[in-house]
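Encoded as structure tokens, here's the structure I'll be asking about.
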2 protein chains.
Amino acid sequence: MLELRLVQGGLLKKVLESLKDLVNDANFDCSASGFSLQAMDSSHVALVALLLRSEGFEHYRCDRNLSLGMNLNNMAKMLKCAANDDIVTIKADDASDSVTFMFESPNQDKIADFEMKLMDIDSEHLGIPEAEFQAIVRMPSAEFARICKDLSTIGDTVVISVTKEGVKFSTRGDIGTANIVCRQNPSIDKPEEATIIEMEEPVSLTFALRYMNSFTKATPLANQVTISLSADLPVVVEYRVAEMGYIRFYLAPKIEEEEHMEAQMESRPQAEIKPKTKLKTETQPIDDIKPKIEHNTDTKPKSVVKKPKEENGANGESKPQVDTKAAIEVMDVE
Amino acid sequence: MLELRLVQGGLLKKVLESLKDLVNDANFDCSASGFSLQAMDSSHVALVALLLRSEGFEHYRCDRNLSLGMNLNNMAKMLKCAANDDIVTIKADDASDSVTFMFESPNQDKIADFEMKLMDIDSEHLGIPEAEFQAIVRMPSAEFARICKDLSTIGDTVVISVTKEGVKFSTRGDIGTANIVCRQNPSIDKPEEATIIEMEEPVSLTFALRYMNSFTKATPLANQVTISLSADLPVVVEYRVAEMGYIRFYLAPKIEEEEHMEAQMESRPQAEIKPKTKLKTETQPIDDIKPKIEHNTDTKPKSVVKKPKEENGANGESKPQVDTKAAIEVMDVE
DNA sequence: GCGATGTGAC
DNA sequence: GTCACATCGC
């Protein structure tokens with residue numbers, strides 16, 4: 001028996017709006033500690049992890065661990081039927097193949113219940129270790145979203161470069177280039193507008209803007225976003241979910257590959273090639289960096305996820321992550 | 001000679017916005033008592049009746065009864081050219097084949113007149129008797145609109161079930177089921193938020209959400225809507241037009257047909273079939289329930305409306321309306 | 001014609 | 001920041 005009562009139903013609506021474009025189907029894992037989800041996006045490039053801790057719920061009952069396979073689009077449809085100030089209750093019987101969402105208006109005059117069939121979804125639960133990062137940027141989430149959106153009108157990838165002074169987002173495309181620099185700014189009086197950089201050493205990594213723009217669908221959840229970067233790790237883009245947990249998006253950096261130079265030249269006719277700057281990048285399926293992520297032994301994977309179609313990633317277990325730091329000249333942030 | 005002057009021009013704009021999606025062409029009937037319209041929707045399933053009483057106009061002159069055939073889309077286009085606070089005057093000569101809309105800005109600085117050609121439209125004017133209903137629900141119009149919209153993301157039809165305690169709106173579709181219960185709530189201090197149920201006996205009827213969603217286009221006209229239900233009558237969804245009259249939408253309930261059970265089973269694999277619950281429903285063209293509606297002898301029908309394409313409705317004169325009450329188990333509203 | 005997105009007003 | 005309205009795309 002599962003019964004989770006959440007007073008701020010609007011939160012759950014926003015969580016689903018930020019997940020549904022990235023992931024079609026996923027298992028929600030319910031345990032005594034909370035309500036969580038981990039899933040790869042449909043193209044197996046990005047990974048999302050959601051945690052809503054049990055303490056954040058008004059009422060939280062979870063007699064035994066349950067994995068509820070849901071179609072996130074359908075779940076989002078149902079949650080859309082809740083008003084933002086409705087109280088939302090999620091119910092499931094241990095044996096049942098369906099889940100019930102109950103929406104109560106604040107004055108109790110309207111009570112709605114929506115029942116949705118559950119799905120059997122193959123998934124692999126990875127234990128993601130808390131990694132050490134070379135740089136962690138915290139900044140206003142709306143600003144980050146705006147930057148990603150703006151840059152994607154120019155190019156397909158963003159180079160995120162962090163120095164002590166600030167963070168630079170750069171792109172280039174057929175029509176030109178763009179660089180947006182955000183200075184560090186503690187903004188004591190308005191902490192939600194602060195831009196804070198914690199840095200061990202400068203780092204510069206390249207990512208597909210397409211995914212970044214999916215991640216920023218979570219912007220309504222939090223005023224601030226943190227972007228954690230290390231040369232050979234996926235970036236972590238994290239939005240806190242008010243007092244309850246977080247939604248974290250992981251995306252492997254694009255890898256520099258010299259052997260595809262000619263393809264590069266085609267797509268960026270006006271590229272200025274600098275020595276030591278390898279230009280062609282390939283999106284790395286996140287499965288390939290699995291060796292970096294240890295299996296979390298306290299959860300039991302139901303089955304193994306399908307391998308992505310790309311053959312070149314299939315033997316990633318023994319293939320080292322490229323040295324992104326060496327491949328890209330660290331750009332100065334003025 | 002016809003000359004109707006309406007100070008709240010915005011009302012007429014809203015009336016047309018709520019009619020034009022349902023009905024393409026219709027006759028406006030002008031008599032000494034008021035300005036009215038009655039028309040079936042293009043698929044002959046729903047019926048709409050509008051009344052604007054002469055007393056609601058600042059000036060009302062109608063020398064003899066006139067029937068003005070208009071294309072409602074074109075009329076709506078012209079009325080869109082009026083500001084909401086413009087004074088609108090409708091003029092027509094008895095012999096003319098056109099109508100003039102005049103818009104005056106409140107300070108008289110702007111005067112516009114738009115002339116529109118009239119059409120010759122075959123229509124049948126039905127005298128709709130004031131029926132006795134088993135249940136009349138009055139509720140906030142925006143809430144009803146929201147419910148119909150939400151349910152239509154899940155299913156195609158809505159079952160409206162009324163008990164003393166409240167009204168329940170239910171649907172089911174491929175992705176699951178939904179039930180929304182609105183409790184009775186007199187809301188003395190905010191009458192526009194009240195939900196009032198007058199009930200002779202519990203009633204439960206099924207309707208096509210598509211039409212309901214067309215009806216709710218009239219939501220901007222009134223804070224409240226009344227939904228009048230009886231087992232073997234079309235539902236009446238009524239919006240009052242401020243101090244002037246009403247716009248009423250009629251929709252025949254869907255009929256339970258046992259013979260299509262197997263089609264039902266296909267589309268709802270997980271349906272729990274209860275005894276006495278007939279599952280397959282068919283939309284009943286509103287022509288078929290003509291026997292329930294007497295011809296109004298004080299208006300002269302110009303001609304007879306075309307029969308709907310469906311053969312099974314063509315001989316509806318002698319076909320009894322199904323006993324919906326017996327076919328559907330009355331559901332408890334807790 | 002309906003749904004989704006973006007913009008403007010409260 | 002939220003809600004409603006209008007416009008554009010499917």
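What you see below is based on every heavy atom in this structure, not just the backbone, and it leaves out hydrogens, waters and symmetry mates. Chain letters run A, B, ... following the sequence lines, proteins first and then strands; every chain starts at 1.
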Using the test salt bridge (charged side-chain N to carboxylate O under 4.0 Å, His left out), find all partners of B:K13 that sit at least two apart in sequence or belong to another chain.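 Here no residue qualifies.
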
Of all residues at least two apart in sequence or in a different chain, which pass the side-chain hydrogen bond (donor to acceptor under 3.5 Å, both in side chains) check with B:N74? none

Nearest 0.5 angstrom please: B:M102 CE to B:F114 CZ, how far?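 These two atoms lie 12.5 Å from each other.
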
Nucleotide-resolved protein contact map, nucleotides 2-10 of chain D, B/S/- at heavy-atom distance under 4.0 Å: -S-------

All salt bridge (charged side-chain N to carboxylate O under 4.0 Å, His left out) counterparts of B:K117, not counting sequence neighbours: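 So B:K117 forms a salt bridge (charged side-chain N to carboxylate O under 4.0 Å, His left out) with B:D97.
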
Restricting to side chain to side chain contact (heavy atoms under 4.5 Å, CB included), what partner residues turn up for A:P106, sequence neighbours left out? A:D85, A:D86

Do any pairs count as a side-chain hydrogen bond (donor to acceptor under 3.5 Å, both in side chains) and have a residue in residues 137-149 of chain A, sequence neighbours left out, and if so which ones? A:R138-A:Q224, A:R146-A:D150

Consecutive-pair stems (at least three Watson-Crick or G-U pairs, under 3.5 Å) that include DNA chain D: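 DNA chain D forms these stems: C:1-10 with D:1-10.
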
By salt bridge (charged side-chain N to carboxylate O under 4.0 Å, His left out) - contacts of B:K217 (at least two apart): B:D21

What does A:D85 touch in the nucleic acid at a heavy-atom separation under 4.0 angstrom: a base, only the sugar-phosphate, or nothing?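 Nothing, no heavy atom under 4.0 Å.
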
Mind checking what makes salt bridge (charged side-chain N to carboxylate O under 4.0 Å, His left out) contact with B:K80, not counting sequence neighbours?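 Salt bridge (charged side-chain N to carboxylate O under 4.0 Å, His left out) list for B:K80, sorted by chain: empty.
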
Report, as a single string ordered 5' to 3', how protein heavy atoms within less than 4.0 Å touch nucleotides 1-10 of chain C: B base, S sugar-phosphate only, - not at all. SS-S------

I'd like to check the side chain to side chain contact (heavy atoms under 4.5 Å, CB included) partners of A:L221; sequence neighbours left out, ordered by chain and number.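 A:L221: side chain to side chain contact (heavy atoms under 4.5 Å, CB included) contacts with A:L11, A:K14, A:V15, A:S18, A:A218, A:V241, A:I247.
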
Set of side chain to side chain contact (heavy atoms under 4.5 Å, CB included) partners for A:S98, sequence neighbours left out: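 Partners of A:S98 by the side chain to side chain contact (heavy atoms under 4.5 Å, CB included) criterion, ordered by chain and then number, come out as A:S96, A:E115.
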
